[in-house]
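Just below is one structure, and these are the notes that go with it.
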Number of protein chains: 2
Amino acid sequence: MKTIRKIGAVLRQFTATQPEHSTTDLSRAIGNSTSGTHDLVDGLAGIGLLSKVERGRYRLGPLVATLYRALDDSSALTEAARPVMQKLAVDHGETLHLTMHDQGRLLLVEAIEGERPLRVSRDVIGPHLALYQAPPGLLHLAGFSHARLEEWLDAHSRPGGPIASRSRFRSDLTALAEDGFAVGPIMGDDDIVCLAAQVRDHTGRPVAALSMAAPASRHDRQPRAFRNITIEAAERISARLGYKKPS
Amino acid sequence: MKTIRKIGAVLRQFTATQPEHSTTDLSRAIGNSTSGTHDLVDGLAGIGLLSKVERGRYRLGPLVATLYRALDDSSALTEAARPVMQKLAVDHGETLHLTMHDQGRLLLVEAIEGERPLRVSRDVIGPHLALYQAPPGLLHLAGFSHARLEEWLDAHSRPGGPIASRSRFRSDLTALAEDGFAVGPIMGDDDIVCLAAQVRDHTGRPVAALSMAAPASRHDRQPRAFRNITIEAAERISARLGYKKPS
DNA sequence: TGTCTTTTTCCGGCAATACCGGAAAATTGG
DNA sequence: CCAATTTTCCGGTATTGCCGGAAAAAGACA
């Protein structure tokens with residue numbers, strides 16, 4: 001459906017850093033004429049996916065909030081994860097994220113910032129990161145099928161880029177998949193350690209990643225404790241989703 | 001754009017109480033053939049607005065969360081309101097809601113549940129309420145233009161219904177508009193008192209309603225205090241949005 | 001204030017595609 | 001295993017999305 005693909009392209013122009021666009025902006029972005037784009041965005045404003053804030057200027061509209069509320073309220077994942085994350089935050093005081101993925105980037109489902117004087121910002125994890133740039137993203141990649149991973153690599157690797165060897169990258173991911181766990185920096189920043197553990201649904205399918213981010217100085221004093229805490233919390237969320245771990 | 005109106009109709013079938021639909025469900029809801037509906041939902045799944053969870057079964061998809069994150073992170077309203085609501089919650093311990101409206105129903109932007117042993121649930125305010133059924137909704141209606149209010153009344157009033165007299169209802173709303181404040185039960189439940197105050201943007205336009213909900217027994221001991229607290233908090237949010245109250 | 005430039009809005013026509021019928025495939029229930 | 005129902009697929013056609021071009025609106029500048 002060509003119209004639907006254009007709708008997707010238009011909607012994805014709206015981001016936290018660029019929340020408002022003119023008709024001319026959007027027509028350039030999607031390669032339509034200004035009058036064709038005008039018809040399209042006017043239609044989207046009519047159903048509430050966009051909102052016309054001034055003459056020729058648009059923002060995301062109330063239907064986005066309505067749909068998100070429906071998504072969030074019905075989500076077994078957020079229902080299962082929220083109490084576990086809240087308890088973990090109280091017990092350990094470190095920054096927590098629950099993520100999925102969308103179009104090769106991290107999708108933040110839930111974030112709780114730590115309470116300690118020295119803490120990692122909740123904003124370190126989000127759609128500004130490509131999947132390979134943080135441990136939760138690597139876990140999502142580890143859950144991809146072979147074909148889907150090839151497609152992702154085709155889109156994201158280049159000579160001289162961060163993924164030097166495809167075969168090495170694939171075998172690293174295989175090891176992560178076996179562990180259901182990844183640990184490392186975020187975007188190469190060695191002052192922060194991020195630990196991510198797989199969350200599975202009732203069928204055993206990986207659906208999300210729970211991660212804890214702490215200053216490296218705190219993590220390095222008790223690395224095994226940090227690892228165990230993260231894995232156990234992810235297992236508790238998975239259990240609440242109906243997953244039974246094989247003996 | 002006929003296709004876009006169908007997309008709106010399909011997306012609005014997904015609610016917290018009915019988060020998953022089959023192709024046949026959706027074709028009945030929008031009056032398309034099953035094959036036509038299949039093409040449509042397959043297209044929506046392709047861009048991420050829906051997600052195909054099983055053969056022929058769909059839920060809201062990751063693009064909804066992505067767009068909501070963009071909406072929420074860029075929203076001057078949530079940025080202005082959150083710290084004020086958090087302080088109010090700490091200081092007074094009552095349940096708070098910030099609402100807008102969408103298609104004649106309340107749209108929940110932010111909710112903080114009270115901390116006291118006896119408290120009102122955060123779920124009392126949401127899209128299950130038509131605007132006339134709670135004080136924040138009445139404030140939204142009070143902000144409607146004459147034409148838009150007539151349209152809403154055409155859609156929502158009926159002989160023997162809750163709006164017995166249109167002219168009486170309109171003059172009640174005019175009084176609320178002058179006050180920028182409404183107080184009353186939620187859906188006629190007299191054990192709860194809900195107080196709502198208008199939030200304005202930098203141009204003075206009403207954009208949201210802040211409300212506090214408390215057990216009637218607590219409210220009735222100090223009704224003027226509750227009213228003042230609610231109005232002052234809404235004024236603080238409005239000020240943070242750049243609104244300057246006329247002297 | 002007037003002029004020029006740019007952007008937005010509007011609308012009818014036509015080329016592109018959304019929608020459908022019908023059949024094959026898949027699933028469920030008995 | 002069979003019947004019933006639903007889903008999926010795909011080519012053709014009726015419908016509509018998209019556009020050109022012009023009018024309207026807004027901003028910048030002198």
Side-chain angles (χ1 to χ4, degrees), chain A residues 1-15 18-61 63 145 147-148 151 201-205 242, chain B residues 1-15 18-61 63 67 145 147-148 201-205 242:
Chain A
M1 303 272 283
K2 196 168 180 182
T3 303
I4 290 181
R5 284 204 292 280
K6 291 195 177 224
I7 289 167
V10 164
L11 291 174
R12 286 186 187 275
Q13 298 305 311
F14 293 89
T15 61
Q18 286 190 293
E20 187 172 309
H21 286 281
S22 68
T23 312
T24 305
D25 283 344
L26 295 169
S27 86
R28 288 186 189 122
I30 69 170
N32 261 29
S33 68
T34 53
S35 46
T37 302
H38 183 261
D39 288 338
L40 187 67
V41 297
D42 202 53
L44 291 171
I47 62 170
L49 277 177
L50 293 183
S51 187
K52 183 173 173 180
V53 294
E54 276 187 56
R55 179 178 174 271
R57 300 195 69 82
Y58 297 86
R59 286 181 172 252
L60 290 169
L63 181 54
S145 65
R148 195 174 184 193
E151 193 188 337
D201 71 5
H202 65 289
T203 67
R205 192 166 58 95
Chain B
M1 304 271 285
K2 196 168 180 183
T3 303
I4 290 182
R5 285 204 291 280
K6 293 199 176 220
I7 289 168
V10 163
L11 291 174
R12 287 187 187 274
Q13 298 305 310
F14 294 88
T15 62
Q18 285 190 294
E20 187 171 311
H21 287 279
S22 69
T23 312
T24 305
D25 283 343
L26 295 170
S27 87
R28 288 185 189 122
I30 70 170
N32 260 29
S33 68
T34 53
S35 48
T37 303
H38 183 263
D39 289 336
L40 187 68
V41 297
D42 201 54
L44 291 171
I47 62 170
L49 277 176
L50 292 182
S51 188
K52 183 173 172 180
V53 294
E54 276 186 56
R55 179 178 174 272
R57 300 196 69 80
Y58 296 87
R59 286 179 172 253
L60 290 169
L63 182 53
L67 295 177
S145 65
R148 197 175 184 192
D201 72 5
H202 65 288
T203 67
R205 194 165 58 94

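Each chain gets a letter, A, B and so on, in the order the sequences are listed, and its residues count up from 1.
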Note to self: Just the rounded figure in Å: distance from C1' of C:dT7 to NE2 of A:H21.
What the structure shows: 17 Å
Margin query: Let me confirm one number: the CG-CD1 distance from A:L49 to B:I7, rounded to the nearest 0.5 Å.
Written below: 8.5 Å
Can you check nucleotides 9-15 of chain D for protein contacts, nitrogen or oxygen pairs under 3.5 Å, and list what you find?
none

Check: Where do B:G43 and A:M1 come nearest, in terms of heavy atoms and distance?
Finding: CA-CG, 4.4 Å
Checklist line | Earlier contact from the 5' end, DNA chain C, for A:G56 and A:T3 | finding: A:G56
Item checked: Of the listed nucleotides D:dT7, C:dA18, C:dT8, the one nearest the side chain of B:T23 -> D:dT7
Checklist line | Spacing between A:M1 atom CE and C:dA16 atom P, to the nearest angstrom | finding: 18 Å
Check: Would A:L11 and A:L50 satisfy side-chain contact (heavy atoms from CB on, under 4.5 Å), going step by step from the backbone distance to the final call?
Finding: CA-CA 8 Å; A:L11 291 174; A:L50 293 183; 4.0 Å; yes
Checklist line | Pairing residues for A:S33 by the side chain to side chain contact (heavy atoms under 4.5 Å, CB included) criterion, not counting sequence neighbours | finding: A:S35
Check: What integer distance in Å separates A:L50:CG from C:dT8:C1'?
Finding: 16 Å
Item checked: Shortest non-hydrogen contact from A:I4 toward B:L40 -> CD1-O, 3.5 Å
Item checked: DNA chain C contacts made by residues 4-15 of chain B, counting heavy atoms under 4.0 Å -> B:K6
Note to self: For B:R12 versus A:I47, what's the shortest heavy-atom pair and its separation?
What the structure shows: NH2-O, 3.1 Å
Next item on the list: Taking only the side-chain nitrogens and oxygens of B:S22, find out if one of them lies under 4.0 Å from OP1 or OP2 of D:dT7.
Entry: yes
Next item on the list: Could you check which of D:dC18, C:dA18, C:dT9 has an atom nearest any side-chain atom of A:N32?
Entry: D:dC18
Next item on the list: Tell me, please, which residues at least two apart from A:D39 pass side-chain hydrogen bond (donor to acceptor under 3.5 Å, both in side chains).
Entry: none
Check: So, for A:Y58 and A:T23, which heavy atoms are closest and what is the spacing to 0.1 Å?
Finding: CE1-OG1, 3.7 Å
Check: Which pair of heavy atoms, one from A:T37 and one from A:S27, lies closest together, and at what distance?
Finding: OG1-CB, 3.1 Å
Notebook entry, point to check: Do any pairs count as a salt bridge (Lys or Arg N to Asp or Glu O under 4.0 Å) and have a residue in residues 48-59 of chain B, sequence neighbours left out, and if so which ones?
Noted result: B:E20-B:R57, B:E20-B:R59
Note to self: Ignoring hydrogens, what is the shortest heavy-atom contact between B:P19 and B:F14? Give both atom names and the distance.
What the structure shows: O-CD2, 3.4 Å
Next item on the list: Quick one: label A:T37 by what it contacts on the DNA or RNA (base, sugar-phosphate, nothing), any heavy atom closer than 4.0 Å.
Entry: nothing
Note to self: I need a per-nucleotide contact map over nucleotides 22-28 of chain D, read 5' to 3'. Cutoff is protein heavy atoms under 4.0 Å; write B for the base, S for backbone only, - otherwise.
What the structure shows: ---BS--
Notebook entry, point to check: For the pair made of CD1 in B:I30 and P in C:dC19, what is the distance, rounded to whole Å?
Noted result: 8 Å
